[in-house]
Q: 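Mind looking over this structure? Questions follow.
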Amino acid sequence: MDILTIVLAVAGLGVGFGANTVISKRKTGNAEEAIKKELDKAKKEADKLVNDARKKALDIAEEAKNAEQDRRREIKNLENRLIQREESIDKKLEDLDKRSEKLRKSEAELDQLKNDIRDIRLKQQDKLEKIAKLTKADAADKLMAMTERDIKEDLAGLIVKLQAEAKESAEDQAAVIITAAMERMASEVTADRTVTSLKLGDDEMKGRIIGKEGRNIQALQKATGVDIMVDDTPGYIVLSSFDPIRREIARQAIELLMKDGRIHPAKIEELVQKAQMNVKKDVIRAGEDAAREVGIAGIPKDILQLLGELKFRTSYGQNVLKHSTEMAHIAGLIAEEVGADVKTTKYAALVHDLGKALTHKMEGKHHHISGEMLRKYGAPEAVAHAAEAHHDDVEATTVEAIIIRVVDAISASRPGARNISAENFVERMKDLENVATSFDGIDKAYAISAGREIRVIVKPEKIDDLSAIKLSRDIATKIESTMQYPGTIKVNVIRETRAIEFAK
């Protein structure tokens with residue numbers, strides 16, 4: 001390689017390096033210039049953001065300042081209103097104090113004025129008493145006496161007129177109510193009979209019931225407590241006992257024996273026990289059926305037991321249980337019409353004769369026993385009183401009790417309800433009248449209300465008022481000692497004085 005070539009190579013390298021250097025410097029200058037522009041741009045944006053943030057901060061601060069000023073104004077206004085209200089209240093309190101003071105002064109003045117007026121009235125009264133020569137009490141008595149004389153006749157006439165009008169309207173209204181109730185109540189009125197006889201199939205059955213040497217009939221009588229007569233009525237067995245339940249047990253036991261055919265003392269005891277159970281069930285069932293029929297729920301079991309026993313009781317041939325259910329229906333209808341308690345009235349009507357199931361076991365009249373048993377077994381007092389007061393010797397203090405008394409008379413006195421022969425009835429009425437007329441001073445005597453009341457009219461010139469009271473007690477005592485009768489009899493002694501004169 002020659003020197004020229006080397007020189008040329010070196011020169012070429014130098015030129016190339018120089019050119020590269022120039023180009024590199026030119027690129028560096030351009031980059032710096034671009035960076036400077038970007039920095040300027042970023043600086044401007046940063047300044048803008050700072051200015052915006054500063055502006056927003058100033059706005060927020062201004063808003064907070066304005067809000068704080070508004071809040072302070074509101075607080076100031078509230079304080080002002082509170083101050084004004086407090087001043088107003090203070091002013092009202094002052095006014096009230098002034099008014100109270102004025103009222104106290106006025107009251108004192110009024111008290112003084114009252115005292116002055118009282119003194120003046122007393123002075124005037126003293127002057128009037130001195131002038132009239134009468135005290136205030138004497139003047140009032142004289143004035144009342146004069147007024148009474150002036151209006152006495154007018155008042156008497158007015159009272160008589162009002163009493164007559166009230167009686168007439170009450171009787172008409174009562175008649176309408178009772179008639180409506182009786183017309184709505186459709187029931188049998190034929191009297192029931194308690195049959196205590198059994199028909200025998202043949203003489204062989206009669207002999208088997210009597211047994212060898214009468215041992216079967218003796219066993220029956222011992223087990224049932226009933227007298228059994230087989231020879232009094234041909235073809236029939238007659239049962240006799242004061243207790244209807246015993247008669248029913250004996251009747252069912254004999255029927256069971258005749259159906260079974262095996263009649264001996266052991267079998268008799270077995271079937272009597274069975275009959276007792278059957279009758280007990282019948283009694284409970286009869287009481288429940290009666291209560292259900294009249295619509296009374298919640299009756300205690302002990303009362304239902306006694307009520308069911310009335311199925312085997314009769315009063316003048318009228319079945320007592322049917323009489324009680326009929327009464328309950330009629331009493332309920334009347335109670336609705338007059339505004340009484342329907343449930344209490346029907347309950348009392350149903351159980352009013354409860355004592356008839358126990359009259360042979362307890363001392364006393366049947367309606368007293370009814371009240372005692374009802375109270376004992378938890379019936380309401382209103383029911384017990386109404387049942388107990390259905391006869392005249394206990395005062396009826398409630399509307400329901402009066403209804404029971406009326407309905408009892410209605411049911412007992414309906415035609416055919418009770419089987420009393422005409423001869424016995426007339427004889428009993430005559431006996432009642434004869435007892436009354438046997439005393440001195442009697443003008444007339446009438447037996448009324450089917451023998452439940454004896455009305456005695458006395459001679460006023462021989463019997464005074466006190467003697468009339470004693471006479472009623474004496475007649476009642478004599479009736480109790482000389483006659484036999486069911487229920488109670490009211491003795492009503494009437495003493496009437498009349499003055500008659502004629503104007504010509």
Side-chain angles (χ1 to χ4, degrees), residues 181 185 187 192 244-245 280-316 318-336 340-412 417-418 486-488:
M185 179 60 201
S187 64
D192 290 338
I245 302 296
K280 187 175 181 180
K281 291 178 182 179
D282 290 342
V283 165
I284 292 292
R285 191 180 302 112
E288 292 174 347
D289 291 344
R292 192 180 302 110
E293 179 183 344
V294 300
I296 302 298
I299 299 179
K301 187 176 180 181
D302 294 320
I303 295 178
L304 288 176
Q305 172 78 29
L306 295 175
L307 183 64
E309 291 185 13
L310 297 180
K311 177 182 178 182
F312 305 102
R313 283 276 182 176
T314 59
S315 178
Y316 286 92
Q318 185 182 31
N319 184 274
V320 179
L321 185 57
K322 285 187 177 181
H323 162 66
S324 299
T325 54
E326 179 187 64
M327 271 187 60
H329 289 303
I330 299 177
L333 297 175
I334 294 178
E336 288 177 355
D341 189 318
V342 176
K343 182 179 179 181
T344 299
T345 306
K346 294 176 74 173
Y347 193 164
L350 183 63
V351 298
H352 77 287
D353 273 344
L354 210 65
K356 288 186 177 179
L358 294 168
T359 49
H360 62 285
K361 302 176 184 177
M362 296 180 63
E363 294 292 335
K365 298 178 180 179
H366 74 277
H367 52 287
H368 294 166
I369 298 173
S370 296
E372 182 181 345
M373 291 297 102
L374 289 169
R375 293 185 181 93
K376 177 180 178 181
Y377 294 127
E381 176 58 29
V383 173
H385 168 70
E388 187 178 23
H390 77 272
H391 284 307
D392 293 335
D393 60 338
V394 177
E395 182 182 1
T397 60
T398 63
V399 177
E400 292 78 12
I402 295 173
I403 293 174
I404 300 305
R405 184 175 293 182
V406 171
V407 174
D408 183 48
I410 292 173
S411 177
R418 293 190 170 185
T488 59

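Predicted model, so just to flag it, every value in this text is computed and none were measured.
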Q: Assess whether a salt bridge exists between E388 and R375, defined as any Lys/Arg side-chain N lying under 4.0 Å from an Asp/Glu carboxylate O.
A: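 Between R375 and E388 there is a salt bridge, with a charged N closer than 4.0 Å to a carboxylate O.
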
Q: Please walk me through it: do H323 and H352 pass side-chain contact (heavy atoms from CB on, under 4.5 Å)?
A: CA-CA 10 Å; H323 162 66; H352 77 287; 3.3 Å; yes

Q: Can you find a pair of side-chain heavy atoms, one from H366 and one from H390, that are under 4.5 Å apart?
A: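 Yes, close enough: below the 4.5 Å cut-off.
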
Q: Hey, does Q305 have a side-chain heavy atom less than 4.5 Å from the side chain of I284?
A: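 Side-chain contact under 4.5 Å: yes.
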
Q: Go through L354 and I369 one step at a time and tell me if the side-chain contact (heavy atoms from CB on, under 4.5 Å) criterion holds.
A: CA-CA 8 Å; L354 210 65; I369 298 173; over 6 Å; no

Q: Determine whether K311 and V320 make a side-chain contact, defined as any pair of heavy atoms from C-beta on separated by less than 4.5 Å.
A: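 No, too far: nothing below the 4.5 Å cut-off.
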
Q: With the side chain counted from C-beta on, respond yes when L310 and S324 share a heavy-atom pair under 4.5 Å apart, and no when they do not.
A: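 With C-beta onward as the side chain, the pair touches.
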
Q: Return the NZ to CD distance between K280 and E309, rounded to the nearest 0.5 Å.
A: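 Here the rounded value is 10.5 Å.
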
Q: So, does T344 use its side chain to make a donor-acceptor pair with the main chain of D341 at under 3.5 Å?
A: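 No, the answer is negative, given that no donor and acceptor are paired below the 3.5 Å cut-off.
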
Q: Go through I299 and L350 one step at a time and tell me if the side-chain contact (heavy atoms from CB on, under 4.5 Å) criterion holds.
A: CA-CA 11 Å; I299 299 179; L350 183 63; 4.1 Å; yes

Q: Which distance, rounded to the nearest 0.5 Å, do you find between the CG of L306 and the CG of D353?
A: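 That separation rounds to 12.5 Å.
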
Q: Out of curiosity, L374 CG to E372 CD, how far, rounded to the nearest 0.5 Å?
A: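 Spacing of CG (L374) from CD (E372) equals 10.5 Å.
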
Q: Show the nearest heavy-atom pair for residues A396 and I402, with the distance to one decimal.
A: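 Closest pair (atom of A396, atom of I402, distance): CB-CG1, 3.9 Å.
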
Q: State whether K376 and D302 are salt-bridged, where the test is any N-O pair (Lys NZ or Arg NE/NH1/NH2 against Asp/Glu carboxylate O) under 4.0 Å.
A: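 D302 and K376: not salt-bridged.
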
Q: Looking at H385 and A382, would you say the former's side chain and the latter's main chain have a donor-acceptor pair under 3.5 Å?
A: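 Answer holds: no.
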
Q: Do you see a donor-acceptor pair shorter than 3.5 Å between the side chains of D408 and H391?
A: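 Absent: no donor and acceptor within the cut-off.
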
Q: Any donor-acceptor pair under 3.5 Å linking the side chain of T345 with the backbone of A335?
A: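 No, the answer is negative, given that no donor and acceptor are paired below the 3.5 Å cut-off.
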
Q: Go through K343 and I296 one step at a time and tell me if the side-chain contact (heavy atoms from CB on, under 4.5 Å) criterion holds.
A: CA-CA 7 Å; K343 182 179 179 181; I296 302 298; 4.1 Å; yes

Q: Are the side chain of K346 and the backbone of V294 linked by a donor-acceptor contact shorter than 3.5 Å?
A: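 Side chain of K346 to backbone of V294: a pair is present.
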
Q: With a 4.5 Å heavy-atom cut-off, do I303 and Y347 have their side chains touching?
A: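 Yes. Closest side-chain heavy atoms under 4.5 Å.
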
Q: Can you tell me how far OG1 of T398 sits from CD of E381, rounded to the nearest 0.5 angstrom?
A: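 It comes to 9.5 Å.
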
Q: Which pair of heavy atoms, one from A401 and one from A389, lies closest together, and at what distance?
A: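 So the two residues come closest at CB-CB, 4.3 Å.
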
Q: May I ask you to check whether D393 and H367 show a side-chain donor-acceptor distance below 3.5 Å?
A: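 Note: D393 and H367 side chains meet the donor-acceptor criterion.
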
